[in-house]
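As the structure is a computational prediction, the values presented were derived from the model and not from experiment.
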Amino acid sequence: MTRSLREVAKEYMSDRRVRKYRLVTKDGRCNIEFGNVMHRNRFAYILDIWTTFVETRWRFVILHFVASFTLSWFIFGLLWYWIARDHGDLKWQNPPENHTACVYSVNTLTYAFLFSLETQSTIGYGNVYITDVCPGAVALIIIQSLMGTIISCFWCGVVMAKIALPKKRAKTITFSDSAVICPKKGTLCLQIRVANLRKTLMIGSQIYGKLLRTTVTPEGETVILDQVSIDFMVDAGKDNLFFVCPLTLYHVIDKTSPFFEMAVDTLHQQEFELVVFLDGTAESTSSTCQVRTSYIPHEIMWGYDFLPIISRSKEGKYRVDFSNFAKVVPVPTAHCAYCYHNEVGHHHHSIDGIDNQGFEVIDIETPNITKM
């Protein structure tokens with residue numbers, strides 16, 4: 001049965017509200033704005049002009065690129081027109097027949113603009129050229145040539161820097177849309193999957209997380225966006241990962257974990273945002289980059305595990321099946337960390353109202369998967 005228009009609209013508004021209140025979006029952008037910034041602090045953006053232009057959107061970079069060249073051609077065109085007028089080279093000044101102009105054929109403002117363009121872009125069509133009768137014209141052509149070189153170098157640097165931005169490399173690193181909580185190696189873990197879509201490695205990769213939530217201190221002070229460190233690791237540790245294939249990151253839910261007090265029926269009632277970071281250096285460009293994503297309670301699935309995605313072909317090659325990258329399967333899981341570790345006190349009740357006081361930790365059989 002197709003959903004009604006009201007249900008679709010309700011789901012759309014819910015998703016929009018979730019995106020609005022995220023601090024970090026799924027693609028890593030920070031949803032934050034600055035208000036009441038003093039004017040003297042805004043002047044710092046001008047002082048750091050290089051970073052300002054590198055971080056500017058492409059459409060504004062192109063606009064400033066075109067404007068800078070056009071404006072410089074026009075300003076120097078006015079100067080060439082002023083030199084020609086001061087020397088009496090213009091047609092309306094009726095120069096004598098044996099008159100030698102400062103710049104040959106520059107007798108109107110249009111020709112002055114064209115000569116300025118030719119000088120700065122080193123085109124040189126041949127019908128407009130400078131003579132040696134005006135020292136001021138010689139000095140001006142030197143100044144304009146230097147200014148044109150500086151402007152060209154600046155914009156070439158900006159374009160190359162924007163193309164080589166580390167965040168472009170980060171686009172080829174993706175996280176799973178959801179996180180899962182299930183048993184792993186004798187303990188309860190929160191797991192996230194991450195993949196490098198390029199065959200080139202990320203050198204010195206490090207993973208960590210921050211749990212953002214609003215807390216109230218014992219003094220009664222409300223702290224918005226209070227940050228709690230979340231440690232993630234893989235089978236080989238948490239530093240210097242061999243990031244050649246998709247990895248499953250896991251966070252152990254023990255007594256030091258902020259997820260220890262949560263349960264399957266209270267998780268989605270919490271208000272927090274789990275931000276995951278992956279730092280590394282691109283092997284091909286040696287530039288460092290950071291990849292970010294975030295998870296809210298409704299994106300964490302309790303009692304599920306990721307499907308295996310790495311296998312080995314008959315030819316002996318390792319194959320990554322990205323169709324299973326974000327797919328999950330239900331697995332037997334305790335409904336709270338207290339029950340999993342068989343501890344007394346603060347036990348949460350399951351959805352159907354049954355509390356298994358005698359829960360014992362069991363070994364979960366994993367499918368026979370070829371691992372690298």
Side-chain angles (χ1 to χ4, degrees), residues 29 33-168 171 285 287:
R29 291 176 296 161
E33 63 179 15
F34 299 114
N36 300 324
V37 180
M38 302 184 67
H39 293 287
R40 65 172 177 268
N41 293 332
R42 293 181 182 272
F43 187 69
Y45 290 99
I46 301 177
L47 297 178
D48 189 14
I49 189 70
W50 174 257
T51 307
T52 301
F53 274 109
V54 170
E55 295 180 349
T56 303
R57 295 181 180 273
W58 273 108
R59 54 179 175 267
F60 297 110
V61 169
I62 295 175
L63 176 63
H64 287 95
F65 174 86
V66 174
S68 62
F69 277 101
T70 305
L71 186 61
S72 63
W73 295 336
F74 180 72
I75 292 176
F76 279 102
L78 292 178
L79 294 176
W80 285 115
Y81 183 79
W82 175 77
I83 288 178
R85 182 179 181 278
D86 185 68
H87 194 252
D89 299 339
L90 304 180
K91 285 185 177 180
W92 58 270
Q93 292 178 312
N94 297 322
E97 294 183 359
N98 59 351
H99 178 76
T100 302
C102 290
V103 182
Y104 183 76
S105 296
V106 174
N107 45 40
T108 63
L109 183 59
T110 302
Y111 268 106
F113 177 79
L114 292 176
F115 179 71
S116 174
L117 188 153
E118 294 176 20
T119 300
Q120 192 165 324
S121 57
T122 66
I123 295 176
Y125 289 120
N127 63 332
V128 183
Y129 55 89
I130 190 173
T131 63
D132 58 352
V133 297
C134 297
V138 177
L140 183 60
I141 198 171
I142 294 174
I143 295 174
Q144 185 174 4
S145 299
L146 294 175
M147 287 297 300
T149 303
I150 293 174
I151 295 175
S152 299
C153 290
F154 177 82
W155 286 115
C156 286
V158 169
V159 172
M160 290 301 298
K162 286 187 67 66
I163 293 176
L165 277 178
K167 66 180 182 181
K168 302 301 181 184
K171 297 293 184 181
T285 61
S287 58

Q120 vs S72 side-chain heavy atoms within contact, under 4.5 Å
yes
OG1 on T70 to CD1 on I75, rounded to 0.5 Å:
11.0 Å
Least distance between heavy atoms, I130 atom then W80 atom:
CD1-CH2, 4.2 Å
Could you give the distance from CD1 (I143) to CE (M147), rounded to the nearest 0.5 Å?
9.5 Å
Using modelled atom types and a 3.5 Å cut-off, is there a donor and acceptor pairing between side-chain atoms of S145 and backbone atoms of I141?
yes
So W50 and V158, do their side chains get closer than 4.5 Å, heavy atoms only?
yes
Counting only heavy atoms not in F69, do more than 12 sit closer than 6.0 Å to its CZ atom?
yes
With heavy-atom distances below 4.5 Å as the criterion, would you say the side chains of F76 and T119 are in contact?
no
Spacing of OH belonging to Y81 relative to CG belonging to N107, to within rounding of 0.5 Å:
9.5 Å
Please round to the nearest 0.5 Å and tell me the distance separating atom CH2 of W92 and atom CZ of R85.
4.5 Å
Quick check on the 6.0 Å ring-centre criterion: do F53 and W155 meet it?
yes
Student check: side-chain heavy atoms of E118 and Y129 closer than 4.5 Å:
no
Roughly how far, to the nearest 0.5 Å, is the SG atom of C102 from the CG atom of D86?
8.0 Å
Looking only at non-hydrogen atoms, find the nearest pair between H99 and G88 and report the distance.
NE2-O, 3.6 Å
Taking the six-membered ring for Trp, are F74 and F113 parallel (under 30°), tilted (30 to 60°) or perpendicular (over 60°)?
tilted
V54 to K162 - nearest heavy-atom pair and separation:
O-NZ, 3.1 Å
Distance check, rounded to the nearest 0.5 Å: L114 atom CG versus L109 atom CG?
9.5 Å
Heavy-atom closest contact (G77 atom, A112 atom, distance)
O-CB, 3.3 Å
Heavy-atom count check: over 12 atoms from other residues, nucleotides or ligands less than 6.0 Å from W82 CH2?
no
Between the main-chain N or O of V61 and the side-chain N or O of T56, is there a donor-acceptor pair closer than 3.5 Å?
no
Side chain to side chain, H87 and V133, heavy atoms closer than 4.5 Å:
yes
Identify the two heavy atoms, one from D89 and one from V106, that lie closest to each other, and give their separation to 0.1 Å.
CB-O, 4.2 Å
Does the gap between the ring centers of Y111 and F115 come in under 6.0 Å?
no
